Amino acid sequence: MGYFDLQINGYAGVDFNADLVTDEEISQVCEALRNDGIDRFLITLITDSIERLCQKLARLRALCAADELARSMVAGFHVEGPFINPMPGYVGAHPPERVTPATPQLAERLIEAADGWLRLMTLAPECDAEMKTIAALRQAQVTVSAGHCNPDLETLDQAIESGLSMVTHLGNGCPVELNRHDNFIQRVLSRRDDLWICLIPDGKHIPFYALRNYLDLIGPERWIATTDAIAAAGLGPGTYSLSGFDVIVDAEGYARRPGSPNLAGSTVRGHDLVGALRECGLSSAVIDLVYRANVATALNLAD
């Protein structure tokens, strides 16, 4: 059995965030992921206008429904934004001009466009007034994750009480430099018993020595591994597209929007991530837990 990646923005030269993904490209991505050890995944769409996100969701839903391999591999959608913190650093590689505060009404439009396939929503709790959107998403059986955000501890606790159950790529989606103690990472770690914590263990988003510290503190039962892969995954240096914006991949495999210190997704492939986890000393059983079983449990899906 292969692995389950809940954050695939693109792969094998295909950007899921493009306006006109084709049926051939859907098959291309599925075949490449299967060859790299991934047999289930969430198509991830990043911040865009609600109208464009709805169009993309509806198109991708129809394409996946028509493709036999996609039907067996695509477990649904992960929408990361547009309900995130627009401040520099926290917004990351997302276009700040397309960020908008969360409302249940806007969330409902995304749910309807996904036609039952919206499994995961990443948002900023501090951008959700009275946590009404989080509550509405949970009522609709959508797992809600905090990411690209900076809620204080009281706000984080309110979000958890309202149904927040996950954190998207902890250690990323935030400024490169933070207050040494009072920061989102420390707040999340203080609530680690209540949250599924996602990490990108590629050695670039988090240095392996810091990753080891996270893993020792969180424990294998509460964390989830993801590639956060973009179209450039496995393709080497060059200029690629992410939702219509250029992303430059350097010789070491770091992907960034021009002029930004923040990373713009990952270029690592599924089996490369497994290799990195083994280098960190994780057993096959633990890797299977954090890169398959935990994902299905967190998303309330049959494993």
Side-chain angles (χ1 to χ4, degrees), residues 1-12 14-17 21 23 25-46 56-57 60-80 111 114-122 141-145 147 165-169 196-202 220-231 233-234 265-278 282 284-303:
M1 182 178 292
Y3 298 102
F4 190 160
D5 200 313
L6 53 65
Q7 195 161 4
I8 299 291
N9 307 275
Y11 212 79
V14 177
D15 178 21
F16 283 133
N17 290 267
V21 179
D23 51 356
E25 288 174 326
I26 293 288
S27 295
Q28 178 180 327
V29 170
C30 288
E31 289 174 3
L33 283 167
R34 185 175 58 180
N35 290 338
D36 288 345
I38 307 298
D39 64 11
R40 298 184 80 190
F41 68 100
L42 296 185
I43 291 176
T44 300
L45 299 182
I46 69 167
K56 293 176 184 179
L57 287 168
L60 288 166
R61 177 69 175 92
L63 290 173
C64 290
D67 186 278
E68 181 179 358
L69 183 57
R71 288 197 303 272
S72 70
M73 293 183 65
V74 180
F77 296 118
H78 172 190
V79 178
E80 185 183 1
I111 292 169
D115 189 26
W117 269 30
L118 183 56
R119 306 296 187 197
L120 177 62
M121 169 72 77
T122 292
Q141 306 299 312
V142 178
T143 299
V144 187
S145 186
S165 61
M166 187 182 291
V167 175
T168 298
H169 51 50
W196 295 97
I197 299 178
C198 300
L199 300 166
I200 308 171
D202 63 351
E221 295 80 11
R222 297 301 299 177
W223 80 275
I224 290 169
T226 177
T227 58
D228 192 17
I230 61 173
S266 170
T267 62
V268 70
R269 298 184 297 173
H271 57 64
D272 294 329
L273 189 64
V274 173
L277 292 172
R278 286 178 177 145
L282 273 65
S284 295
V286 170
I287 295 171
D288 188 66
L289 184 66
V290 303
Y291 204 23
R292 185 178 64 84
N294 284 355
V295 187
T297 302
L299 298 175
N300 300 308
L301 298 172
D303 190 12

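None of the values given here were measured: they were computed from a predicted structure.
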Quiz prompt | Any residue meeting ring pair (Phe, Tyr, Trp, His ring centres under 6.0 Å) with F16, in chain and number order, not counting sequence neighbours | solution = none

Quiz item: ring pair (Phe, Tyr, Trp, His ring centres under 6.0 Å) with H169: which residues, sequence neighbours excluded?
Solution: H148

Quiz prompt | Y3 vs L273 side-chain heavy atoms within contact, under 4.5 Å | solution = no

Quiz item: Atom CD1 of I26 and atom CG of L60: how far apart are they, to the nearest 0.5 Å?
Solution: 5.5 Å

Exercise. Could you give me the CA-CA distance, side-chain angles and deciding distance for F4 and L301, then say whether side chain to side chain contact (heavy atoms under 4.5 Å, CB included) is met?
Key: CA-CA 11 Å; F4 190 160; L301 298 172; 4.0 Å; yes

Quiz item: From L118 CG over to L42 CG, what is the distance, rounded to the nearest 0.5 angstrom?
Solution: 9.5 Å

Quiz item: Does any N or O in the side chain of N300 come within less than 3.5 Å of the main-chain N or O of Q141, such that one atom is a donor and the other an acceptor?
Solution: no

Self-check item: T227 versus S266, side-chain donor and acceptor atoms under 3.5 Å
Solution: no

Quiz prompt | I200 side, atom CD1; Q7 side, atom CD - distance, nearest 0.5 Å | solution = 6.0 Å

Quiz prompt | Between OH on residue Y291 and CG on residue L6, distance to nearest 0.5 Å | solution = 9.0 Å

Practice problem: Answer yes or no: is there a donor N or O on one side and an acceptor on the other, between the side chain of R40 and the main chain of M73, under 3.5 Å? | Solution: no

Exercise. List the steps and the verdict of side chain to side chain contact (heavy atoms under 4.5 Å, CB included) for I8 and I38.
Key: CA-CA 11 Å; I8 299 291; I38 307 298; 5.8 Å; no

Quiz item: How many angstroms lie between atom OG1 of T168 and atom CG of L120, to the nearest 0.5 angstrom?
Solution: 6.0 Å

Quiz item: What pair of heavy atoms forms the shortest contact from E221 to W196, and how long is it?
Solution: O-CZ3, 3.2 Å

Quiz item: Hey, is the main chain of A75 close enough, under 3.5 Å, to the side chain of R119 for a donor-acceptor pair?
Solution: yes

Self-check item: Identified side chain to side chain contact (heavy atoms under 4.5 Å, CB included) partner of Y11 from the options V29, I43, I230
Solution: V29

Quiz item: What's the shortest heavy-atom distance between V74 and C30, and which atoms?
Solution: CG2-SG, 4.5 Å

Self-check item: Side-chain (N35) to main-chain (E31) donor-acceptor, under 3.5 angstrom
Solution: yes

Exercise. Compute whether any side-chain donor of one residue and acceptor of the other, for N9 and T44, lie under 3.5 angstrom apart.
Key: no

Exercise. State, to 0.1 Å, how close V274 and I287 come at their nearest heavy-atom pair, and which atoms those are.
Key: O-CD1, 4.0 Å

Quiz item: If every non-hydrogen atom of N294 is compared with every non-hydrogen atom of R222, which pair is closest and at what distance?
Solution: ND2-N, 4.3 Å

Exercise. Please list, chain by chain and in numerical order, all residues satisfying ring pair (Phe, Tyr, Trp, His ring centres under 6.0 Å) with F41, sequence neighbours excluded.
Key: none

Self-check item: Separation between CG of L282 and CG of L289, rounded to the nearest 0.5 Å
Solution: 10.0 Å

Quiz item: Which heavy atom of A225 sits nearest a heavy atom of L277, and at what distance?
Solution: CB-CD1, 4.3 Å

Exercise. Taking all heavy atoms of S284 and all of R278, pick out the closest pair and write down the distance.
Key: OG-NH2, 4.1 Å

